[in-house]
A.B. asks: 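One structure, pasted below without further comment.
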2 protein chains.
Amino acid sequence: MAITKAQLFNEKQIKAAEFAKAISHPARIAILQILAKTNACYCGDITEELPLAQSTISQHLKALKSAGIIKGEIEGVRTCYCFDEENLAEFKSVMEAMINEISIPDSSCC
Amino acid sequence: MAITKAQLFNEKQIKAAEFAKAISHPARIAILQILAKTNACYCGDITEELPLAQSTISQHLKALKSAGIIKGEIEGVRTCYCFDEENLAEFKSVMEAMINEISIPDSSCC
DNA sequence: ATCGTATATCGTAATTTTACGATGAAAATA
DNA sequence: TATTTTCATCGTAAAATTACGATATACGAT
């Protein structure tokens with residue numbers, strides 16, 4: 001990747017790609033599903049449910065947090081991870097808009 | 001990545017992650033948008049619209065094809081890329097299901 | 001004050017991704 | 001037949017991703 005020319009893509013494209021990258025690993029999807037379905041929101045809980053080391057789960061949590069999809073609140077010795085409500089809404093709307101944009105055109109050539 | 005433990009995640013998670021990875025780069029999103037909005041479906045057309053080398057575009061097209069989202073039909077010296085109708089529908093339904101699953105639970109802890 | 005628990009971070013290694021130019025292959029054109 | 005056009009692939013390099021164990025930090029409990 002010689003020089004990043006990413007600024008030549010538009011904001012929507014970059015944002016959608018970032019969100020997509022955030023969920024481009026089965027472990028991160030699994031983490032989001034766990035957060036959505038259970039009250040297990042501590043790193044330890046998630047580590048118990050997934051076949052990965054604690055440090056790896058922590059890394060994935062960091063990636064999801066960087067993307068803005070989740071936030072982490074420190075509760076003493078632990079950190080409670082949950083969805084970032086506002087950003088989750090943005091995630092969904094950006095992804096849905098993208099999915100809707102990607103469709104077969106009227107005059108499909110093949 | 002010592003040993004791939006991906007088989008310990010379920011099929012849906014793996015499929016969704018694969019699709020997400022396919023659109024996790026602005027160039028690939030841009031390519032899909034071009035295919036959706038114009039009749040430019042040749043590698044050369046796309047190369048003209050994006051700030052990347054022809055070989056790089058070809059690589060991105062290959063990635064989208066591997067994910068099944070598009071197909072390529074050889075037309076003499078050129079290749080016409082378009083959406084794979086059936087797989088595109090799967091892409092959309094898998095992604096939408098995933099997005100719907102990811103939601104704030106009733107008893108949010110924080 | 002010490003010990004145990006939970007998690008983030010560091011160091012490291014293997015793999016994958018991204019990008020480019022150069023080259024090759026195959027069809028169309030001169 | 002020779003040339004041009006179009007695209008895929010190769011070779012390569014830089015960077016990012018993924019994973020782990022080890023360690024550091026910080027809080028709570030004893």
Side-chain angles (χ1 to χ4, degrees), chain A residues 1-9 13-14 17-18 20-31 34-35 40-67 70-82 109-110, chain B residues 1-9 13-14 17-18 20-31 34-35 40-67 70-82 109-110:
Chain A
M1 206 170 15
I3 298 166
T4 172
K5 294 185 179 176
Q7 54 266 46
L8 296 170
F9 295 102
Q13 289 164 339
I14 292 167
E18 273 174 12
K21 178 170 274 188
I23 58 165
S24 72
H25 191 288
R28 289 195 292 274
I29 290 180
I31 288 171
I34 289 170
L35 292 184
C41 57
Y42 300 113
C43 181
D45 298 331
I46 296 165
T47 300
E48 273 175 30
E49 299 211 35
L50 299 181
L52 293 170
Q54 178 267 322
S55 58
T56 306
I57 299 295
S58 188
Q59 234 173 220
H60 283 303
L61 285 167
K62 191 180 179 184
L64 290 169
K65 197 175 154 195
S66 293
I70 64 172
K71 59 184 176 174
E73 277 178 20
I74 295 169
E75 277 184 11
V77 75
R78 303 192 284 186
T79 305
C80 179
Y81 285 100
C82 12
C109 40
C110 49
Chain B
M1 206 167 20
I3 298 165
T4 170
K5 295 186 180 175
Q7 52 267 45
L8 296 169
F9 295 103
Q13 289 164 339
I14 292 168
E18 272 173 14
K21 178 171 273 189
I23 58 166
S24 71
H25 192 289
R28 290 195 292 272
I29 290 181
I31 289 171
I34 288 169
L35 292 185
C41 55
Y42 300 113
C43 181
D45 299 329
I46 297 165
T47 300
E48 272 176 29
E49 300 211 35
L50 299 180
L52 293 170
Q54 178 268 322
S55 57
T56 305
I57 299 293
S58 188
Q59 234 174 220
H60 282 303
L61 285 167
K62 191 181 180 184
L64 289 169
K65 197 175 155 195
S66 293
I70 65 173
K71 59 185 176 175
E73 277 179 22
I74 295 169
E75 277 183 13
V77 75
R78 303 192 284 184
T79 305
C80 178
Y81 285 99
C82 12
C109 40
C110 49

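Note: hydrogens, waters and symmetry copies are ignored here, and every other heavy atom, side chains too, is used. Per chain, numbering begins at 1; letters A, B, ... match sequence-line order.
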A.B. asks: Tell me the interatomic distance from B:Lys65, atom NZ, to D:dT9, atom C1', rounded to whole angstroms.
C.D. replies: 13 Å

A.B. asks: CD1 of B:Ile57 versus P of C:dT18: gap in Å, rounded?
C.D. replies: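 Those two atoms, CD1 and P, are 12 Å apart.
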
A.B. asks: Just N and O in the side chain of A:Arg78: are any of them under 4.0 Å from OP1 or OP2 of C:dA8?
C.D. replies: no

A.B. asks: Answer whether the closest heavy-atom distance between the side chains of B:Leu61 and B:Thr79 falls below 4.5 Å.
C.D. replies: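 The answer is no; the side chains never approach within 4.5 Å.
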
A.B. asks: Of the candidate nucleotides D:dC20, C:dT18, C:dC20, which contains the atom at the shortest distance from the side chain of B:Leu52?
C.D. replies: C:dC20

A.B. asks: Between the side-chain atoms of B:Gln59 and the base atoms of C:dA19, is any donor-acceptor pair under 3.5 Å?
C.D. replies: yes

A.B. asks: Tell me the interatomic distance from A:Glu75, atom CD, to D:dA26, atom P, rounded to whole angstroms.
C.D. replies: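 Atom CD in A:Glu75 sits about 18 Å away from atom P in D:dA26.
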
A.B. asks: Give a yes/no answer on whether the side chain of A:Tyr42 brings an N or O atom under 4.0 Å of OP1 or OP2 in C:dA8.
C.D. replies: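 It does not, given that no N or O in the side chain of A:Tyr42 lies less than 4.0 Å from OP1 or OP2 of C:dA8.
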
A.B. asks: When the distance from CG of A:Leu61 to C1' of C:dT9 is rounded to whole Å, what number comes out?
C.D. replies: 14 Å

A.B. asks: If you check the B:Ser55 side chain, which of C:dG21, C:dT18, D:dG21 turns out closest?
C.D. replies: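 Closest of the options to the side chain of B:Ser55: C:dG21.
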
A.B. asks: Which class fits the ring pair A:Phe9 and B:His25: parallel under 30°, tilted 30 to 60°, perpendicular over 60°?
C.D. replies: perpendicular

A.B. asks: Could you go through the side chain to side chain contact (heavy atoms under 4.5 Å, CB included) check for A:Cys82 and A:Leu35 one step at a time?
C.D. replies: CA-CA 6 Å; A:Cys82 12; A:Leu35 292 184; 5.8 Å; no

A.B. asks: May I ask you to evaluate whether A:Thr79 reaches the phosphate of C:dA8, defined as a side-chain N or O under 4.0 Å from OP1 or OP2?
C.D. replies: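 Yes, A:Thr79 has a side-chain N/O under 4.0 Å of OP1/OP2 on C:dA8.
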
A.B. asks: Rounded to whole Å, how long is the line connecting atom CD1 of A:Ile74 with atom C1' of C:dT7?
C.D. replies: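 Those two atoms, CD1 and C1', are 10 Å apart.
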
A.B. asks: B:Thr56 near the nucleic acid: base, sugar-phosphate alone, or nothing, with a heavy-atom cut-off under 4.0 Å?
C.D. replies: base

A.B. asks: At 4.0 Å (heavy atoms only), tell me whether A:Lys21 reaches a base, stays on the sugar-phosphate, or touches nothing.
C.D. replies: sugar-phosphate

A.B. asks: Is any side-chain heavy atom of B:His60 closer than 4.5 Å to a side-chain heavy atom of B:Leu50?
C.D. replies: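 Not in contact.
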
A.B. asks: C:dA8 base to A:Gln54 side chain: any donor-acceptor pair below 3.5 Å?
C.D. replies: yes

A.B. asks: What is the distance from CD of B:Glu18 to C1' of C:dT16, rounded to the nearest Å?
C.D. replies: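 My rounded result for the distance is 14 Å.
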
A.B. asks: Please pick, from D:dA19, C:dA22, C:dA6, the nucleotide with the shortest atom-to-atom distance to any side-chain atom of A:His60.
C.D. replies: D:dA19

A.B. asks: Give the rounded distance in Å between these two atoms: CZ of A:Arg28 and C1' of D:dT17.
C.D. replies: 8 Å

A.B. asks: On DNA chain D, does the nearest nucleotide to B:Lys62 precede the nearest nucleotide to A:Ala27 from the 5' side, or the other way round? Give the residue.
C.D. replies: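 Result: B:Lys62.
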
A.B. asks: For A:Phe9 and C:dA19, what is the distance between atoms CZ and C1' respectively, to the nearest whole Å?
C.D. replies: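 Answer to the nearest Å: 12 Å.
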
A.B. asks: Considering every strand and a 4.0 Å limit on heavy-atom distances, what is the contact class for B:Ser58: base, sugar-phosphate, or nothing?
C.D. replies: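 Here B:Ser58 touches the bases of the nucleic acid.
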
A.B. asks: If you define the side chain from C-beta out and look only at heavy atoms, does anything of A:Gln54 sit under 4.5 Å from A:Cys43?
C.D. replies: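 SC-SC contact between A:Gln54 and A:Cys43 confirmed.
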
